[in-house]
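Every chain is numbered from 1, with letters handed out A, B, ... down the list of sequences.
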Amino acid sequence: MSNDVIQACNLSKVFQLEGTDVNAFTDISLSIARSQMVAIMGPSGSGKSTLLHVMGGIEPPTSGEIRIDGANVADLDDQALTLLRRRKIGFVFQSFNLVPTLSVIENVTLPLILDGVSARESEPRAILQLDRVGLSHRLRHLPSQLSGGEQQRVAIARALVINPSLILADEPTGNLDSVRGREITRLLCDVAHSGLQTVVVVTHDIRVASQADRLIVLLDGRIRYDGRPGTDAEWMAALKLEIDG
Amino acid sequence: MIPWSFSWNNLRLRPLRTLLTVLSIAGGVASVVAVLQAIAATRVQLDAMQEMLGERESLEIVANDKSAFPLNELPDLSQFTGVQKTIPIFRVFTKILLGNEEARGIALGANLEEYLSGKEFTLVSGQVPRTANEVCLEESVAEHLHAKAGDEIRIGARGLPWLLTKQVTGILKFEKMTAVEETASIFMPMADAARLGKAPGKATSLQVLLKPEADADEVSDVIQRTLQPPLVVNEPASAADMTRPTEAIINIGLNVAALLSVVAAVFIVINTFQISVTERRKQTALIRIVGATTDQVGASMYREAFVLGSIGTVAGIIFGVLGSAAISRGMDGIYGFDRPLTIPIHPLAIVAGLIFGPIVTLIAVWYPTRLACEQRPLAVLKSASAPHREFPVRRTMLWGSILLATSLALFACTARKIMPDVTSILGISLVQIAGVVFLPGLIRPIAAALYFFIGRAYPVEAQLGHRQLLDNFGRTSLTISVMFIVSGTSISVGNTTLAITHDVQSWLDRTLTANYLLRASKPRVDMSEAEPLSPELAAEVRAIPGVESIDPVAFSLASIDGISATLMSRDLTGPEPLPVDLVEGQYSGLRAKMMAGEAVVGSVLAHRLGVQSGGEIRLEIGGITHVLPLAGIVREYTAGGLMVIMDSTAAAELFPVQPAQIFGIKATASATIATGEQLQQFSRKHGLIYQSYNDLKELVQSLILGLTDRLWMILILALVIAGFAIVNTLTMNVIEQTRYLGLLRVVGMTRAQVIRMFLFQAFVLGSLALLPGAIIGVVMAWLITVSYAGVIEHGVKFAINFPLLGLYLAAGVLLSVLSAVLPAIRAGRLKPLDAIHQE
Ligand SMILES: Nc1ncnc2c1ncn2[C@@H]1O[C@H](COP(=O)(O)OP(=O)(O)OP(=O)(O)O)[C@@H](O)[C@H]1O
Ligand SMILES: [Mg+2]
């Protein structure tokens with residue numbers, strides 16, 4: 001088993017929309033090592049979410065090769081890919097993360113239950129994770145009774161509950177106040193550093209990015225920067241300008 | 001005003017939802033149209049049957065003592081509602097002579113042109129007599145006498161010292177069932193026949209022709225009240241007696257089915273709209289937040305509904321007509337019978353569809369629209385995707401109880417004849433509707449039970465599927481309501497129809513064991529004064545090759561506690577099974593009891609007398625009365641069921657019974673057509689009436705079969721409608737839950753699991769509807785049997801047809817699971833990303 005959880009080679013993704021091609025990203029090659037926290041930044045529409053989806057195996061690339069935990073996605077059928085997701089990847093989306101008709105605890109135990117784990121075993125595990133995100137007192141509430149940020153935290157708990165090798169989070173702190181946001185960021189960092197788990201987080205927040213071990217900046221579907229965050233403060237400021245502008 | 005383009009986009013950008021909505025309206029309309037079509041076709045079949053069985057819209061007034069009566073003693077019957085006209089008839093037993101040939105038979109006198117106008121006959125030669133001393137002959141009699149039009153014949157009658165000379169003007173041949181019933185040998189003007197019977201100016205019967213819409217029983221009752229003894233009203237015995245119960249019950253069933261098809265269709269449409277509008281609630285709320293008034297939102301929703309409703313209605317009418325035609329052609333193919341099964345397009349069905357479609361659409365869109373407009377938009381935005389688990393089960397239980405009480409009250413009224421029979425149809429339908437209202441109360445326990453069992457094998461799928469059904473409680477209720485109504489109605493109508501046809505069939509098989517009948521006279525009316533069949537004749541018949549045995553049957557007029565009935569005495573000593581069809585009592589020991597002088601009575605008579613097997617009857621015949629033990633109660637369709645049956649030897653010891661008037665002749669296995677022909681020859685020679693009971697049996701059987709396959713057609717149609725409702729609901733579920741399903745896929749639900757989850761849901765939906773449906777179906781079948789007994793007094797024994805029940809349940813559950821296959825596959829195909837990209 002390679003030490004890299006993600007190995008991407010010449011990845012491109014092109015969406016075809018009524019005749020016109022939309023390039024989400026082009027010719028991306030990268031490897032992501034275990035136990036790392038990787039931040040992806042870039043202006044809106046630069047292809048961050050799409051890259052995340054490809055890395056999670058829920059969107060096939062148009063060309064190029066992607067290996068998740070050593071397995072070539074192109075070689076996996078739907079069943080195998082599903083099992084891979086179920087056991088190794090935790091997702092946190094930009095929005096709409098929770099099943100509206102399931103309670104908080106049910107949403108979190110869902111991947112475990114899908115995997116055949118009994119309720120007796122899965123509930124304590126879920127509560128543990130909910131405790132980590134500070135929501136263990138809202139177990140029986142429905143998503144519609146939670147704020148956007150709270151829903152996001154439930155989604156993170158759900159991603160963590162399967163103890164995945166890879167956590168893919170798309171702007172997990174986008175809806176959170178700065179205190180909570182920092183807490184979540186720290187949580188994700190801890191997760192990455194405490195075990196064999198890798199966290200890839202898409203963010204617009206430079207403070208989140210600065211916590212990461214590695215920063216990837218996308219611009220128009222290409223990698224513009226790949227390195228440690230915050231090594232060159234001036235450059236970062238320029239980048240921030242570019243991103244925001 | 002919200003622009004049209006907005007509505008247009010709404011319909012265009014959600015093509016599947018739009019299609020499903022249109023399809024559900026079309027399905028609802030189609031089911032109404034198709035059921036009405038099928039019913040219309042069944043009625044056509046019933047009419048055809050009546051036609052084949054001969055004149056049924058007539059009554060006959062005769063004297064109880066068989067005497068001729070003066071016509072001026074009768075009230076003017078033509079003023080009675082339902083009476084079309086009256087035809088006086090004189091029947092007298094005659095001897096006809098031509099050259100060396102002699103024939104015996106009934107002479108019938110009447111205004112022949114009037115009399116024959118309603119009969120199925122052909123004039124083989126010559127013409128109908130117009131003036132005095134002209135006669136025409138029945139074909140077989142003419143053949144026997146070698147008579148042709150223009151010949152002179154001589155006729156005589158009992159007690160008439162001389163012979164009268166008549167001119168034969170024509171030869172008649174009766175057809176279809178008229179041939180069985182109209183059995184006179186010679187026809188002449190009224191006055192001539194009366195003179196022959198030495199009773200000028202009198203008649204032996206008055207035929208009362210009824211208007212097509214008249215109810216024979218009602219008119220009969222009204223007329224009977226105005227008559228002085230010894231005059232009584234008879235419904236002429238006819239082969240129709242045997243199929244009438246079938247008709248009556250099928251009629252009740254059809255009416256119930258018609259009413260409930262409408263209810264089921266309403267549920268289908270409401271269900272779809274409930275789903276599709278709920279799905280749009282979020283969007284509606286957004287529009288309201290940006291400034292649309294509730295009126296505007298409402299208007300645009302109604303507008304869309306109207307467009308969809310119109311398209312759906314037109315499509316539904318086309319589907320309905322084509323569908324019923326296709327099914328009927330299919331049935332044709334299965335049976336390959338030579339029966340008129342083409343379904344004419346019934347204008348009423350189409351009009352009903354045209355009215356039904358738009359109205360139901362508007363009703364269906366009203367409630368969800370009100371909901372969408374009433375709630376504050378922000379609340380809608382927050383709660384649109386929340387589960388809807390609350391359901392006012394207690395309130396619906398209350399309503400269900402009220403409905404049930406109402407329907408029971410209606411039944412009580414019908415049973416006591418306070419209200420017309422229509423109320424029983426209403427009552428039966430109400431029971432079903434009450435059931436629908438109770439149904440939500442059963443969802444949780446039944447679903448929980450199924451979850452408990454299936455959850456062991458597929459815990460994840462069962463848990464999620466179960467949750468989803470409960471989270472959409474209202475939708476689940478509506479969906480199963482459709483199937484519930486369909487299965488309840490189908491099972492009740494199927495059970496009763498099969499029960500009654502089985503009843504008739506069993507009676508036919510048990511009692512009509514003869515292959516041929518020879519008799520001296522027309523049945524019923526003057527059965528007891530016919531020329532007896534002598535033992536010498538019996539010996540001659542027995543000599544005919546192919547004849548196995550002869551069953552001499554005699555009919556005598558009888559009276560029990562003032563109720564006039566017919567005693568049928570027949571020789572029960574033979575080795576064959578007793579020719580009685582018991583509904584009460586036991587076959588074992590029955591023969592010995594009857595040989596010892598016990599009697600059995602028809603169920604109608606038993607019902608009127610209020611006696612049971614093991615009881616006693618006071619039987620009076622020819623002024624002699626005996627109290628007889630009752631050995632059993634039998635099914636009897638002839639003589640309106642007012643029949644007492646005894647062994648002939650035992651009866652003759654007690655009463656002055658008539659000698660045998662009918663020979664039931666059983667043929668050997670090697671009997672050929674020649675046997676029948678020889679019997680026919682024989683009957684002509686002796687002025688007897690010959691009937692092939694084989695033909696009669698076949699006719700009745702094919703008619704019953706014709707009706708039952710109509711019934712199957714309606715049941716199949718019903719299942720198709722139910723399956724359609726499930727496909728529709730589940731597909732709507734898939735559309736609505738695209739995001740939810742996508743999310744499940746992201747967190748690791750496999751395709752197979754998604755598919756199994758949907759199949760589980762379908763299985764639960766099917767069971768939720770079908771199990772209670774079977775129960776209510778049986779209850780309704782029982783109620784139909786009860787109210788049917790009120791209609792024609794034939795106590796049909798209620799029995800649950802378990803094969804039908806099992807078959808229907810299995811077919812129903814299978815169909816619901818099959819209906820789920822397509823939506824399930826569709827759900828399985830959803831990509832994880834759909835969860836993120838939707839809306
Ligand atoms: N399903 C799709 N169909 C067509 N085009 C798409 C699809 N998904 C993304 N795109 C396009 O691909 C490009 C990259 O989109 P993506 O969602 O990855 O951007 P992003 O970097 O996540 O932006 P944001 O920060 O706004 O979330 C965009 O131009 C987008 O319009
Ligand atoms: Mg994005």
Side-chain angles (χ1 to χ4, degrees), chain A residues 15 49-50 52-54 56-60 77-103 106-119 122 141-148 151 155 158-159 161-162 164 168 170, chain B residues 278 282 378-390 455-473 475 733 736-757 828-839:
Chain A
F15 290 106
S49 297
T50 311
L52 206 69
H53 297 156
V54 171
I58 54 176
E59 182 98 79
D77 62 1
D78 183 78
Q79 175 84 12
L81 210 52
T82 305
L83 291 183
L84 181 80
R85 277 202 303 276
R86 189 196 275 174
R87 291 175 185 153
K88 296 201 168 150
I89 305 173
F91 279 99
V92 181
F93 294 117
Q94 224 164 331
S95 66
F96 192 78
N97 272 298
L98 305 179
V99 178
T101 55
L102 297 183
S103 68
E106 286 167 329
N107 262 290
V108 177
T109 51
L110 188 59
L112 294 175
I113 288 182
L114 284 174
D115 213 31
V117 180
S118 73
S122 60
H141 288 189
L142 288 169
S144 59
Q145 294 163 328
L146 302 180
S147 75
Q151 290 183 26
R158 186 186 58 202
V161 81
I162 57 173
L168 300 170
D170 200 345
Chain B
T278 310
K282 230 175 177 168
L378 264 179
V380 173
L381 269 191
K382 281 223 92 170
S383 71
S385 43
H388 303 278
R389 273 175 223 154
E390 315 76 31
R456 295 175 171 212
Y458 299 107
V460 181
E461 295 90 329
Q463 188 185 346
L464 290 173
H466 179 232
R467 270 302 285 272
Q468 259 215 292
L469 289 177
L470 295 188
D471 284 345
N472 296 296
F473 204 88
R475 178 184 318 168
N733 275 0
E736 195 199 39
Q737 294 161 8
T738 304
R739 274 191 138 174
Y740 163 79
L741 292 168
L743 203 58
L744 289 179
R745 298 277 287 124
V746 168
V747 297
M749 192 154 188
T750 62
R751 208 168 266 181
Q753 280 178 315
V754 172
I755 291 175
R756 277 199 296 266
M757 182 177 88
R829 285 228 192 91
L830 286 177
K831 295 197 191 73
L833 263 187
D834 290 338
I836 303 126
H837 284 311
Q838 259 259 316
E839 269 170 39

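We find the OG1-CG distance between B:Thr750 and A:Leu81 to be 12.0 Å, quoted to the nearest 0.5 Å.
Under the 4.5 Å side-chain criterion, counting only non-hydrogen atoms from C-beta, B:Leu744 is in contact with A:Leu110.
Listed options B:Gln753, B:Met749, B:Gln468, B:Arg745 were ranked by heavy-atom pairs under 4.5 angstrom with chain A; first place goes to B:Arg745.
The shortest non-hydrogen separation linking B:Val747 to A:Pro111 is O-CB, 3.9 Å.
Side chain of A:Arg85 to main chain of B:Val746: a donor-acceptor pair is present (N/O by atom type, distance under 3.5 Å, no hydrogens or angles).
Interface remark: A:Arg158 contributes side-chain atoms only to the contact with chain B (heavy atom separation under 4.5 Å). Within the 4.5 angstrom heavy-atom criterion, atoms from both the backbone and the side chain of A:Ile113 approach chain B.
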Return a table of donor-acceptor pairs under 3.5 angstrom between the side chains of residues 455-463 of chain B and protein atoms on other chains or two or more places apart.
from	atom 1	to	atom 2	distance (Å)
B:Glu461	OE2	B:Arg756	NE	2.7
B:Glu461	OE2	B:Arg756	NH2	2.8

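When the side-chain hydrogen bond (donor to acceptor under 3.5 Å, both in side chains) test is applied to A:Asn107, no partner is found at least two apart in sequence or on another chain.
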